[in-house]
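Presented below is the structure to which this report refers.
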Amino acid sequence: MSYTIEGKILWSRIFKPNDSFHKAMYSLYLTTDDKTMLRLAEKEIKIVSVEDHKNEKIFCVKISCDAEYADQELPPPPVFDKEQQPISLHAEIPNGLQVKVKFDLVKGEGFNFGKSFMRLKAIMLLEDLPFPFDNVESF
């Protein structure tokens, strides 16, 4: 069964998958309200604590999907704007952007037996992406 969750992105690896580990993954970290975090914890989803640039703790969850299977590359999950129109990314989704994420809850297998994961299905941006020349100062 698929679910949706709203929150703010902390780090996204959708434009270019993260290949630092044993296999490449499209992923994002999402922070949301406390009530939703508690519901996720009840479903045995790992809640991660990170520090922001002000050294304040932020609780978030990782949502990911495979970027490769065997020797084939897989496409990234679809990304939609706030009018639900598909868009193409030209860079990573910036931190702090409000999004809605579609995911499946999956029980792990093998060495991850018993753990639950959030498999990324789609992303909807609830705000417009900033333009490349927004929020910069003239030198």
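For the numbers below, each heavy atom of this structure counts, side chains included, while hydrogens, waters and symmetry mates do not. Keep in mind that this is a model prediction, so the values were computed, not measured.
- With contacts defined as side-chain heavy-atom distances shorter than 4.5 Å, the pair Met118/Ile45 qualifies.
- In this structure, the side chain of Glu92 engages the main chain of Ile14 through a donor-acceptor pair within 3.5 Å.
- Using a 4.5 Å heavy-atom threshold, the side chains of Met37 and Thr32 count as touching.
- Considering only heavy atoms from C-beta on, Arg119 stays 4.5 Å or farther from Phe103 through its side chain.
- For the pair Asp104 (side chain) and Val106 (backbone), a donor-acceptor distance under 3.5 Å is absent.
- Residues Lys107 and Ser116 meet the side-chain proximity criterion, which asks for heavy atoms closer than 4.5 Å.
- When all heavy atoms are compared, the tightest approach of Glu83 to Asp81 is N-OD1, 2.9 Å.
- Nearest heavy atom pair, residue Val101 against residue Val99, reads CG2-CG2, 3.9 Å.
- Of all heavy-atom pairs spanning Ser27 and Ser64, the tightest one is CB-CB, 3.6 Å.
- Tyr3 and Leu28 fall within a single hydrophobic cluster, where Ile, Leu, Val, Met, Phe, Trp and Tyr side chains are chained together by heavy-atom contacts under 4.5 Å.
- Between the side chain of Thr31 and the backbone N or O of Cys60 there is no donor-acceptor pair closer than 3.5 Å.
- Counting only heavy atoms from C-beta outward, the side chains of Asp128 and Lys82 approach each other to under 4.5 Å.
- In this structure, the side chain of Ser12 engages the main chain of Ile93 through a donor-acceptor pair within 3.5 Å.
- Judged by distance alone, with hydrogens and angles left aside, the side-chain atoms of Glu127 form a donor-acceptor pair with the main-chain N or O of Gln98 at under 3.5 Å.
- Criterion: ILVMFWY side-chain heavy atoms under 4.5 Å apart, direct or through other members. Under it, Tyr29 and Val50 are part of a common hydrophobic cluster.
- For CD of Gln84, the number of neighbouring non-hydrogen atoms (other residues, nucleotides, ligands) closer than 6.0 Å is 12 at most.
- For the pair Val61 and Ile47, the minimum side-chain heavy-atom distance is below 4.5 Å.
- Inter-residue side-chain proximity for Leu30 and Ile5 is flagged as met; some heavy-atom pair is nearer than 4.5 Å.
- Side-chain contact between Ile87 and Leu129: present, with at least one pair of heavy atoms (C-beta onward) separated by less than 4.5 Å.
- In terms of modelled atom types and a separation under 3.5 Å, the side chain of Ser49 and the main chain of Lys57 share no donor-acceptor contact.
- The OG1 atom of Thr36 sits 6.5 Å away from atom CZ of Arg39, with the distance rounded to the nearest 0.5 Å.
- More than 12 heavy atoms of other shown residues, nucleotides or ligands fall within 6.0 angstrom of atom CD in Glu68.
- Put simply, the residue from Ile123, Leu120, Ile9 that forms a side chain to side chain contact (heavy atoms under 4.5 Å, CB included) with Ile63 is Leu120.
- Heavy atoms from other residues, nucleotides or ligands lying under 6.0 Å from OH of Tyr26 number more than 12.
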